[in-house]
Amino acid sequence: MQNLKLDYSKTLNFIRKDDIFVFKNEIKRHIDALYNKTGKGSDFLGWLNLPSSISENELIDIQNTANDLKEKCEVVVVIGIGGSYLGSKAVIDALSDNFTQLKERKNPLIVFAGQNIGEDYLTELREMLSTRKWGIVVISKSGTTTEPAIAFRLLKADLEAKYEKAEAVKRIVAITDAKKGALRILSNQEGYKTFVIPDDVGGRFSILTPVGLLPIAISGFDITKLVKGSVDMEKQTGKGVDFENNPAAIYAATRNALLNKGKGIEIMANYNPKLHYFAEWWKQLYGESEGKEGKGIFPASVNFTSDLHSMGQYIQEGQRNLFETVLSITSPNKKVYITENEANLDGLNYIAGKRVNEVNKMAELGTMLAHVDGGVPNIRIEIPVLNEYYLGQLIYFYEIGCAISGYILGVNPFDQPGVEAYKKNMFALLEKPGFEEETKAHKAKL
Ligand code: PA5
């Protein structure tokens with residue numbers, strides 16, 4: 001099977017090849033540190049060999065649970081935030097029909113909750129669910145995160161009101177810590193089917209655990225192929241692989257070489273709207289892993305060509321502190337040809353007979369040339385088609401690339417101490433018991 005390709009040639013007007021290859025020995029040390037568990041955050045390296053260590057039995061258990069919910073439900077609500085929802089959302093959106101909500105479906109529609117605290121969102125969700133057959137997958141590693149806890153409290157009550165307790169229990173699956181946290185205690189009390197998020201896998205690295213795999217399987221996508229893609233990328237980026245042949249090492253080196261030349265913002269660009277949430281997943285992975293101690297490359301994203309008509313101006317001519325990483329798909333899964341038109345008022349007959357994809361590709365190449373000329377280096381990552389296998393490759397490629405890049409920056413890529421700041425303030429302002437001092441201090445500031 002072909003591998004994803006990485007092309008850094010369009011960065012070479014800005015950095016030299018040596019600026020990339022200077023990281024070769026350092027990256028070898030970082031990969032050794034990852035495999036030997038001697039680097040920062042070494043308690044959170046469970047994701048490193050996850051693809052090759054997932055057993056067939058685990059995959060069968062996940063698939064059987066998915067099949068059970070598929071039989072019972074038209075809609076499954078996945079409750080979770082951050083790493084507990086972005087991975088499955090990214091893969092499901094990438095693989096789904098753009099208009100899946102309006103078309104006849106074989107598999108339940110996955111909708112998300114607990115990823116925001118919007119009252120309108122929750123109300124509209126509950127209204128929609130009241131007329132559907134539905135179930136819940138609730139995901140929280142800590143089991144104490146406020147947003148999913150609020151959503152679960154409300155939706156659990158709705159489900160029990162609709163189906164009676166015993167049937168509601170069969171429609172709820174919980175994915176959480178093996179032993180700790182409120183969700184684990186509740187699941188044991190109520191008798192929910194549960195899956196475990198391993199202790200050594202952080203939320204944003206959990207897509208290849210049941211956190212990502214169960215919702216993806218419920219949507220009808222092939223988790224075996226997804227895992228196979230990630231296994232192949234694990235081999236391609238592992239300990240004994242030369243720097244030159246390791247795309248994740250080259251990616252980490254190139255983005256850090258660009259950072260050293262003042263390019264502190266990386267924009268992931270795609271030319272397929274199905275990849276919008278893949279970029280959101282990537283933003284969390286890189287933002288939460290690298291953005292600490294005053295360091296890190298700021299991850300941003302655009303959907304082209306849509307955003308060429310909004311953000312295109314800034315990228316072309318704004319501050320020159322950007323670089324772009326284009327996520328490119330060689331062939332779409334469907335074909336559309338541009339038709340001839342006698343009046344030709346729109347002047348498009350010169351491209352009649354061509355595929356729409358050819359226009360998209362020329363937009364991609366034209367944009368790359370324009371942005372490079374305008375001072376924005378481009379990295380290009382290409383996969384042949386958008387399917388489970390290549391998404392599996394991309395996921396693992398970005399995960400290990402992130403770990404290496406974080407080590408180059410000198411940070412612990414596996415913690416997220418900064419996420420606690422807003423939580424403490426929110427608890428204080430909500431007058432949570434135990435936060436009395438902070439409540440007084442914050443209220444005085446407002
Ligand atoms: O990457 C992370 O660890 C975070 O984004 C978490 O996934 C997020 O905060 C949700 O946490 P939990 O699954 O504990 O509810």
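This one's a predicted model, so the numbers in the text were calculated from it and none came from an experiment. In each ligand, atom 1 is the first atom listed, and ligand 1 is the first ligand listed. Only heavy atoms go into these numbers, but all of them, side chains included; no hydrogens, no water, no symmetry mates.
Phe14 and Phe323 have their aromatic ring centers separated by at least 6.0 angstrom. In summary, the aromatic rings of Phe44 and Phe205 are positioned with their centroids too far apart to meet the 6.0 Å limit. When ring centroids are compared, Trp281 and Tyr277 stay outside the 6.0 Å threshold.
To the nearest 0.5 Å, atom CD1 of residue Ile92 and atom CD1 of residue Ile218 are 8.0 Å apart. Ile381 CD1 to Leu327 CG: the interatomic distance, rounded to the nearest 0.5 Å, is 6.5 Å. For the atom pair Lys228 NZ and Asp222 CG, the distance stands at 12.5 Å (nearest 0.5 Å).
In this structure, ligand 1 sits under 4.0 Å from heavy atoms belonging to Ile81, Gly82, Gly83, Ser84, Ser140, Lys141, Ser142, Thr145, Gly203, Arg204, Gln284, Glu288, Gln416.
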